[in-house]
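Heads up: the structure comes next, in structure tokens.
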Amino acid sequence: MQRFLQHSKALCSLSLLIGACLPLFFLPACSQQKRAPSPERRATVIFDLESRVLNPDMWNPFVPGARTDQGYHQALIEPLFMLNFESGEIEPWLALSMTANDTLDEWTLALRPGVQWSDGMPFTAADVVFTVEMLLDNAPSLLYSAALGQWLERVEQVDELTVRFFLKEPNPRFQLDYFSIKIYNSVYIVPKHIWHDKDPLTFKNYDPQKGWPVFTGPYRLHGFTETEFSYTRNDDWWGATTGWKPLPEPETLVWVWYGPEETRTAAMADDELDSLCDISLGAFQALGHRKPNAFTWLDEPPYAWVDPCARTFEFNHRRPPWDDKEMRWALNHALDREVIVAVAYEGTTLPARHFFPAYATLDRLVDMLEAAGLYDTYPVTKHDPDLTRSILESKGYQLNRRGYYEKDGQTLSIVITTHEAYIEKQRIAQVVVEQLQAVGINATHRNEAAGTWTDNFQFGNFEAQMGWMTCGSVNEPWSSMDTFGKHWVVPVGERAQFNSWRWENAAYTALVDEMGTLPLDDPRIDDLFLQAMEIWLEELPVIPVTQAKKLLPFNPEFWVGWPSAENNYQHPCTWWQSTHIIIHQLTQNEPDTVMSGDE
């Protein structure tokens, strides 16, 4: 984190100069004085939704392409546990504990007594066993099914509140990876009494007459469109009736999509949003003119929180010439990451030297690579366009009259796709396109709808993309490294769960598999990490580009208790399932203490 702050402050002056060339969203002040908010508005928390939901009546959270960030897993679906990034602790929620035997191949889950589904039925071990068995029986078609199938031999109910998992081999990360919201979500548990006779591949889990979807959270679904989802508080929520937690103060929760960044930012300036998803520095500065009490994770540059999913330039290894490691290295040396940070991020992040997030536990491992001289042998962050040209020419490419490299009459080109919802990746791609064009590669950028982008990536129907799919590791190295495992590779045309790049290396996979069987603090992990990363760096299956930042403004006009670096009870991602913790921390801001935001 210290390295992140130092680097971002060093780029501050550069970003201000470049800012004149970037789109800044000047938010016009309202000509009329704001009306006093209604009691209903004061009782409502409004969250930003990053993109419209194209199939809003799909409430089956397991089918490919299903959305859960529209309030679904923040208001309705409660987890068993949550990993708190700030404390490093796995905090219990629907469960009390999950413990392993001495050989790490058997785990016992103890559920919290008194938990109820929103229809009043008890939440028991039978629901957990049913859900896990349903996923195993439908692997790899459902979310988490293939990953669970990799490890689970069987699961059994011990009693009403106890479940035992029997693994195929030792896994010290079983609780962390699947039941603790390490990143974004965890395995969702569904009610057996509703799902037991349904086809999980086609069941929509929606019937307003029956009160579906049914989950254990403190809210119920009220209504929805493609762009707005609302939830009303369930005053009979089990947590309050058992005395575990008081009811959350907000009576209504709303997730709404306002469109482009400037429209979303203007909505917060007009108090129509209480929480914003990631925006640019320029947009945040413009917001500050209208809403000076809006704040982010840090109260000074770089303002942002470091997201656990580093940004990477990713390739389909079934598409020549990007199946050739030397060609990937040629692209790597064409990238000027400092410029990408300055232009695409306005200095609010730093270049990535690895696909790990820049967290202390993982930085220790990356520092080991530097100490071992591996970054001297494989200079990932080196910007050297002349070396790019030298590699291309060694492969038989020559510049044509248009200034592009070609071979056998074919121009060297690359299409970089991005997800329509993520402006950040689009901005990175735009800078990368310019840098590749500058060295004679005919690079272009194409933005795709969310479902199309996901399907193209997983089915292998893409050439290159700006992505974040090395996500996984937060406090240990295995999770992200395993995403490159050979065992995940499926033919093009079949949906991949992981390793949609379809890179295969048996030696790397064997080393990472061995890491996966060791306890998290086992000293043998360091040596295995060095061996595996030497293979990875030589091959460079994806290119690390930048660390990810999330500049997430909160509006305290009506609600206080939002997380920050000073009030760091929890990390600030309101699209994650861990938003449950944030919602329970929010309290109404009294009217006589409210700042207008227009003064």
Check this for me, if you would: do [X] and [Y] make a salt bridge, where the nitrogen-to-carboxylate-oxygen distance has to be below 4.0 angstrom?
| X | Y | value |
| --- | --- | --- |
| Arg318 | Asp323 | no |
| Lys291 | Asp270 | no |
| Arg328 | Glu539 | yes |
| Lys182 | Asp177 | yes |
| Arg353 | Glu370 | yes |

Atom [atom1] in [X], atom [atom2] in [Y]: separation rounded to 0.5 Å?
| X | Y | atom1 | atom2 | answer |
| --- | --- | --- | --- | --- |
| Thr361 | Asn475 | OG1 | CG | 6.0 Å |
| Asp307 | Lys549 | CG | NZ | 10.0 Å |
| Leu276 | Leu273 | CG | CG | 5.5 Å |
| Leu176 | Glu476 | CG | CD | 6.5 Å |
| Leu49 | Trp257 | CG | CH2 | 9.0 Å |

Could you check, using the six-membered ring where one of them is a Trp, whether [X] and [Y] have ring centers closer than 6.0 angstrom?
| X | Y | value |
| --- | --- | --- |
| His73 | Trp576 | no |
| Tyr508 | Trp503 | yes |
| Phe462 | Trp453 | no |
| Phe355 | Trp536 | yes |
| Phe459 | Phe457 | no |
| Trp255 | Phe229 | no |
| Trp59 | Tyr72 | yes |
| Tyr206 | Phe224 | yes |
| Phe529 | Trp478 | no |

Smallest separation among heavy atoms of Gly485 and Asn499, with atom names: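 Heavy-atom minimum between the residues: O-ND2, 3.0 Å.
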Between [X] and [Y], is any side-chain donor less than 3.5 angstrom from a side-chain acceptor?
| X | Y | value |
| --- | --- | --- |
| Glu406 | Asn400 | yes |
| Ser280 | Glu261 | yes |
| Asp48 | Ser275 | no |
| Arg67 | Ser51 | yes |
| Asn442 | Gln437 | yes |
| Tyr405 | Glu393 | yes |
| Thr411 | Arg402 | yes |
| Trp488 | Gln497 | no |

What residues form a side chain to side chain donor-acceptor pair (under 3.5 Å) with Thr579, not counting sequence neighbours?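 Not a single residue meets the side chain to side chain donor-acceptor pair (under 3.5 Å) criterion with Thr579.
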List the residues meeting side-chain contact (heavy atoms from CB on, under 4.5 Å) with Leu387, not counting sequence neighbours, and say none if there are none. His333, Asp384, Ile391
Lys NZ or Arg CZ of Lys395 over Tyr397 ring: under 6.0 Å, within 45°: no
Kindly indicate whether a cation-pi arrangement holds for Lys425 with Trp468, taking the cut-offs as under 6.0 Å to the six-membered ring centre and within 45° of the axis. yes
More than 12 heavy atoms of other residues, nucleotides or ligands under 6.0 Å from NZ of Lys407: is that the case?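 Atom NZ in Lys407 is packed in, count exceeds 12.
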If we check side-chain contact (heavy atoms from CB on, under 4.5 Å) with Arg319, which of these qualifies: Val492, Asn461, Ile414?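 Result: among Val492, Asn461, Ile414, Asn461 is the only option passing the side-chain contact (heavy atoms from CB on, under 4.5 Å) with Arg319.
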